[in-house]
Amino acid sequence: MPHNAGSAFAGLKINMTWPTLIISKNSATIERTKIQLAFFERMNIKVLMVRGGNPFELSRTMFTVLKKKKVVATTLDKIDNSDGRVEAEIFNHKVGFSPWAAKIAIKLKVPQVPVYFMSQGKIIKAVFGEPLVTDDIGQAVQHYVSFFEKCIYEDPASWSFLADKEWRRRLREFSKVE
């Protein structure tokens with residue numbers, strides 16, 4: 001799922017429907033991390049905070065959870081400029097995204113289901129994309145990126161990263177090119 005204000009609250013209903021583990025980057029401060037943890041704990045949602053964590057332990061935990069037929073939810077719309085990024089087309093431009101979640105889905109042959117949460121007043125609506133099982137990393141990343149793009153065009157106000165410094169800079173660059 002992309003960064004979205006409605007996703008945290010919708011996680012409550014999703015977790016009631018399908019046992020879910022949320023992968024989240026904890027805040028840079030201990031106090032804010034405690035607030036995050038308390039938020040998820042009150043909703044009875046399992047969360048794994050990953051800032052500064054061991055990537056092998058994270059992968060092992062996700063494998064274990066997925067093998068138990070539970071849902072793993074994570075945000076995937078952060079721009080990745082590292083050498084390990086996978087380029088995908090969004091807003092008619094190539095942007096690098098981290099492939100780690102897609103790699104895990106490929107390794108375990110589990111469906112990757114993109115989700116977007118639309119917030120309208122007091123209503124939060126989950127929109128699910130088509131499930132995809134593939135062994136092509138580029139196809140897997142493009143699958144969720146294309147779904148996010150479609151949903152962002154339909155409901156840009158629900159996408160929190162419109163306020164993200166890196167995305168704002170990219171969107172400004174994209175608008176100058178066209």
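The two residues A140 and A102 come nearest to each other via the heavy atoms CB-CB, 3.7 Å. Of all heavy-atom pairs between A126 and V115, the closest is CB-CG1, 4.5 Å. The nearest pair of heavy atoms linking S158 to S119 is OG-N, 2.9 Å. Here the closest heavy-atom approach between residue L162 and residue P156 is recorded as CD1-O, 3.1 Å. Residues F91 and I152 share a closest heavy-atom pair of CZ-CG2, 4.0 Å. Contact detail for A101 and L76: the closest heavy-atom pair is CB-CD2, 3.5 Å.
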Might you work through the side chain to side chain contact (heavy atoms under 4.5 Å, CB included) test for Q36 and V47, ending with a clear yes or no?
CA-CA 9 Å; Q36 267 182 294; V47 63; over 6 Å; no
Candidate pair F97 and Y144, rule ring pair (Phe, Tyr, Trp, His ring centres under 6.0 Å), full reasoning:
CA-CA 11 Å; F97 293 91; Y144 59 75; 7.1 Å; no
Determine, stepwise, if the pair V71 / L66 fulfils side chain to side chain contact (heavy atoms under 4.5 Å, CB included).
CA-CA 6 Å; V71 172; L66 289 167; over 6 Å; no
Go through it in stages, so that I can follow the logic: the residues are D164 and R168, the test is side chain to side chain contact (heavy atoms under 4.5 Å, CB included), and I'd like the CA-CA distance, side-chain angles, deciding distance and then a yes or no.
CA-CA 6 Å; D164 176 72; R168 276 195 335 259; over 6 Å; no
Is there a side chain to side chain contact (heavy atoms under 4.5 Å, CB included) between F117 and K125 once you walk through the steps?
CA-CA 6 Å; F117 299 96; K125 176 181 160 190; over 6 Å; no
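Heavy atoms of other residues, nucleotides or ligands lying less than 6.0 angstrom from CG of N81 number more than 12. Counting heavy-atom neighbours within 6.0 Å of R32 CZ, excluding the residue itself, gives a total of 12 or less.
Cluster annotation: V110 is connected to I104 through the hydrophobic network of ILVMFWY side chains, with a link wherever side-chain heavy atoms come within less than 4.5 Å. I35 and F39 fall into different hydrophobic clusters, where Ile, Leu, Val, Met, Phe, Trp and Tyr are joined by side-chain heavy atoms under 4.5 Å apart, directly or via other members. Residue F148 is grouped with residue Y153 when hydrophobic side chains (ILVMFWY) are merged at heavy-atom distances under 4.5 angstrom, including chains of intermediate members. Linking ILVMFWY side-chain heavy atoms closer than 4.5 Å, directly or via other members, places V145 and V127 in a single hydrophobic cluster.
A donor-acceptor pair under 3.5 Å links the side-chain atoms of R85 to the main chain of S82, judged by distance alone. Between the side chain of Y116 and the backbone N or O of D155 there is at least one donor-acceptor pair closer than 3.5 Å. Under the 3.5 Å distance criterion, the side-chain polar atoms of T20 are left unmatched by any main-chain donor or acceptor of V72. Between the side chain of Q112 and the backbone N or O of V133, no donor-acceptor pair lies under 3.5 Å. H143 contributes a side-chain N or O that, together with a main-chain N or O of E130, makes up a donor-acceptor pair within less than 3.5 Å. The backbone N or O of Q142 lies less than 3.5 Å from no partner atom in the side chain of E89, so there is not a single donor-acceptor pair.
For the residue pair D77 / W167, no side-chain donor-acceptor distance below 3.5 Å is found, with atom types taken as modelled.
To the nearest 0.5 Å, the span separating NZ on K109 from OG1 on T134 amounts to 10.0 Å. Residue K103 holds its NZ atom at 6.0 Å from CD1 of I137, rounded to the nearest 0.5 Å. Atom CH2 of W159 and atom CE of M118 lie 14.0 Å apart (nearest 0.5 Å). Taking CZ of R170 as the reference point, atom NZ of K165 lies at 13.5 Å (rounded to 0.5 Å). Interatomic distance, D135 CG to K107 NZ, rounded to the nearest 0.5 Å: 12.5 Å. The distance from atom CZ of F40 to atom CD1 of I45, rounded to the nearest 0.5 Å, is 6.5 Å.
Considering only heavy atoms from C-beta on, I79 stays 4.5 Å or farther from F161 through its side chain.
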